Amino acid sequence: MASLRDIKNRINSTKKTSQITKAMEMTSAAKWNRGVLNAKSFVPYMEKIQEVTASIAIGAGGVVHPMLQHRPVKKTGYIVMTSDRGLAGAFNSNVIRKVHQTIQSRHKSNDEFAIIAIGRVARDFFVKRGYNVALEIVGVSDQPSFQDIKDLTSATVGMFEDSTFDELYIYYSHYISAISQEVTEKKLLPLTDLTTSHKLTSYEFEPNAEEILKVLLPQYAESLIYGALLDSKASEHAARMTAMRNATDNASELIRSYTLSYNRARQAAITQEITEIVGGAAALE
């Protein structure tokens with residue numbers, strides 16, 4: 001049985017851990033509020049650029065652009081979004097597991113695919129297993145701006161246009177609520193399913209549809225990556241907030257358990273001392 005000093009030390013260390021997890025929970029809660037606001041604020045822009053792109057591409061008819069055409073798949077690119085650090089429950093592991101299982105089922109050789117990693121956890125996981133990480137970015141802000149990932153998005157879209165990749169998929173954690181996030185797979189390129197829930201608008205444009213889409217389609221693909229990143233960040237903060245709340249609750253439960261053990265041990269020690277005193281007094285009679 002542990003001594004009173006050992007139990008007391010456990011209680012003190014658990015209380016300190018509880019204070020840390022509580023502080024991390026509060027910090028994540030503040031970041032979560034801003035992250036959800038950022039993700040929701042970007043939705044109207046995404047819907048509008050999708051509607052404009054679909055209206056021009058479908059309305060013009062006969063438009064030819066590499067990003068709209070399906071071609072034989074020789075190499076696939078996977079954009080994987082995770083965080084730079086842990087302590088976020090299953091946020092990172094769920095995304096990585098989904099990507100890893102997909103790769104194992106689709107490909108027989110590492111030459112058939114490459115990874116574009118956003119986040120240190122994803123980068124380290126795939127590098128450690130010898131996968132080809134074509135592009136990477138770490139240290140993304142908790143409230144990212146488009147400028148933070150502009151170079152990566154431009155390079156990614158460019159690698160599709162120059163046929164380095166024949167298709168691109170993006171994997172991230174979609175935010176549903178503070179306690180629910182869903183790993184999402186989305187085909188980024190080619191844009192073979194360019195549809196919108198809104199009614200298509202007839203636009204007048206100059207010089208022609210091909211020239212407009214040459215500029216608009218890369219911007220649209222880059223905005224899809226950025227929108228997924230905002231969604232992923234909201235999910236990350238929510239997952240970390242929930243994980244730290246659970247850790248705080250577990251620490252409180254441990255403190256109660258240790259305190260009960262401490263009181264029992266202390267009572268047993270007091271009883272033992274009283275028994276020894278009574279026994280000593282009886283021996284002197």
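Note that the coordinates shown come from a computational prediction; the quantities given were computed from them, not determined experimentally. Sequence positions, counted from 1, serve as the residue numbers for this chain.
- Panel note: side chain Arg240, backbone Gly86; a donor-acceptor pair is recorded below 3.5 Å.
- Annotation: ring-ring contact (aromatic ring centres under 6.0 Å, His included) contacts of His174 (sequence neighbours excluded): none.
- Separation of the His100 and Phe126 ring centroids does not fall under the 6.0 Å cut-off.
- For the pair Ala265 and Leu4, the tightest heavy-atom approach, listed with the atom from each and the gap, is CB-CD2, 3.5 Å.
- Side-chain contact, Asp148 with Ser141: no donor N or O sits under 3.5 Å from an acceptor N or O.
- The minimum heavy-atom distance linking Ala178 with Trp32 is given by the pair CB-CZ2, 3.7 Å.
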Tell me, with the steps shown, if Tyr226 and Phe146 meet ring-ring contact (aromatic ring centres under 6.0 Å, His included). CA-CA 7 Å; Tyr226 181 55; Phe146 182 70; 5.6 Å; yes
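- In this structure, the side chain of Ser235 engages the main chain of Ser173 through a donor-acceptor pair within 3.5 Å.
- Proximity of a side-chain donor or acceptor of Ser223 to a complementary backbone N or O of Tyr220 within less than 3.5 Å is detected.
- In this structure, the side chain of Glu253 does not engage the main chain of Asp249 through any donor-acceptor pair within 3.5 Å.
- When hydrophobic residues (I, L, V, M, F, W, Y) are linked wherever their side-chain heavy atoms come within less than 4.5 Å, the members clustered with Ile270 are Ile274, Val278.
- In this structure, Val95 and Val80 have side chains that are in contact, with non-hydrogen atoms separated by less than 4.5 Å.
- Of the possible donor and acceptor atoms, one in the side chain of Asn94 sits under 3.5 Å from a partner among the backbone N and O of Ala90.
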Report the C-alpha distance between Glu112 and Thr76 in whole Å, list the side-chain angles of each, state the deciding distance to 0.1 Å, and finish with yes or no for side chain to side chain contact (heavy atoms under 4.5 Å, CB included). CA-CA 6 Å; Glu112 297 177 357; Thr76 303; over 6 Å; no
Go through it in stages, so that I can follow the logic: the residues are Val157 and Glu222, the test is side chain to side chain contact (heavy atoms under 4.5 Å, CB included), and I'd like the CA-CA distance, side-chain angles, deciding distance and then a yes or no. CA-CA 7 Å; Val157 174; Glu222 291 173 9; 3.9 Å; yes
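- The shortest non-hydrogen separation linking Val140 to Lys233 is O-NZ, 3.7 Å.
- Judged purely by distance below 3.5 Å, without hydrogens or angles, the side chains of Asn263 and Arg266 never pair a donor atom with an acceptor atom.
- Centroid-to-centroid, the aromatic rings of Tyr175 and His237 stay 6.0 Å apart or farther.
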The test is salt bridge (charged side-chain N to carboxylate O under 4.0 Å, His left out); show your working for Asp166 and Arg71 and say whether it passes. CA-CA 7 Å; Asp166 298 303; Arg71 56 184 184 239; 2.9 Å; yes
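- Asp84 places a side-chain N or O within donor-acceptor distance of the main-chain N or O of Gly139, the cut-off being under 3.5 Å.
- Of all non-hydrogen atoms in Ser177 and Ala238, the two that sit nearest each other are O-CB, 4.4 Å.
- Taking the side chain as every heavy atom from C-beta outward, Ile118 and Thr82 never approach each other to under 4.5 Å.
- Using a 4.5 Å heavy-atom threshold, the side chains of Lys150 and Gln147 count as touching.
- Asn38 approaches Leu230 most closely through the heavy-atom pair O-CD1, 3.8 Å.
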Checking Tyr169 against Glu185 for the side chain to side chain contact (heavy atoms under 4.5 Å, CB included) test, could you report, in this order, the C-alpha distance in whole Å, the side-chain angles of both residues, the deciding distance, and whether it holds? CA-CA 7 Å; Tyr169 289 88; Glu185 176 193 54; 4.0 Å; yes
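- Side-chain atoms of Asn250 come within 3.5 Å of backbone N or O of Asn246 as a donor-acceptor pair.
- Within the 3.5 Å criterion, the main-chain N or O of Asn9 finds a donor-acceptor partner in the side chain of Ser13.
- With sequence neighbours excluded, no residue forms a side chain to side chain donor-acceptor pair (under 3.5 Å) with Ser28.
- Not a single donor-acceptor pair under 3.5 Å links the side chain of Ser145 to the backbone N or O of Gln143.
- Side-chain contact between Ile225 and Met81 is present, with heavy atoms from C-beta onward closer than 4.5 Å.
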Report the C-alpha separation of Met67 and Glu161 in whole Å, then their side-chain angles, then the decisive distance to 0.1 Å, and conclude whether the side chain to side chain contact (heavy atoms under 4.5 Å, CB included) test is met. CA-CA 7 Å; Met67 295 177 65; Glu161 291 182 313; 3.6 Å; yes
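- For Thr248 and Thr21, the side-chain atoms include at least one donor-acceptor pair closer than 3.5 Å.
- Side-chain atoms of Thr53 do not come within 3.5 Å of backbone N or O of Gln50 as any donor-acceptor pair.
- Just one residue in the list Ile170, Leu135, Ile137, Thr153 forms a side chain to side chain contact (heavy atoms under 4.5 Å, CB included) with Ile116, and that residue is Leu135.
- The line from NE2 of His107 to NZ of Lys75 is 10.5 Å long, rounded to the nearest 0.5 Å.
- Within 6.0 Å of NZ in Lys40 there are 12 or fewer heavy atoms belonging to other residues, nucleotides or ligands.
- Aromatic pair Phe113/Tyr131: ring centres closer than 6.0 Å.
- Between Ile79 and Leu152, every side-chain heavy-atom pair lies at or beyond the 4.5 Å cut-off.
- Note on Val183 and Ile115: same hydrophobic cluster, where clusters join Ile, Leu, Val, Met, Phe, Trp and Tyr whose side-chain heavy atoms are under 4.5 Å apart, directly or indirectly.
- A tilted orientation is assigned to the rings of Tyr171 and Tyr78, their planes being inclined by 30° to 60°.
- When the side chains of ILVMFWY residues are joined at heavy-atom separations under 4.5 Å, either directly or via intervening members, Tyr172 and Phe165 end up in a single hydrophobic cluster.
- When the side chains of ILVMFWY residues are joined at heavy-atom separations under 4.5 Å, either directly or via intervening members, Leu189 and Ile49 end up in a single hydrophobic cluster.
- Across Val133 and Ala117, no two heavy atoms sit closer than the pair CG1-CB, 4.3 Å.
- Annotation: side chain of Leu68 is in contact with side chain of Leu217 (closest heavy-atom distance under 4.5 Å).
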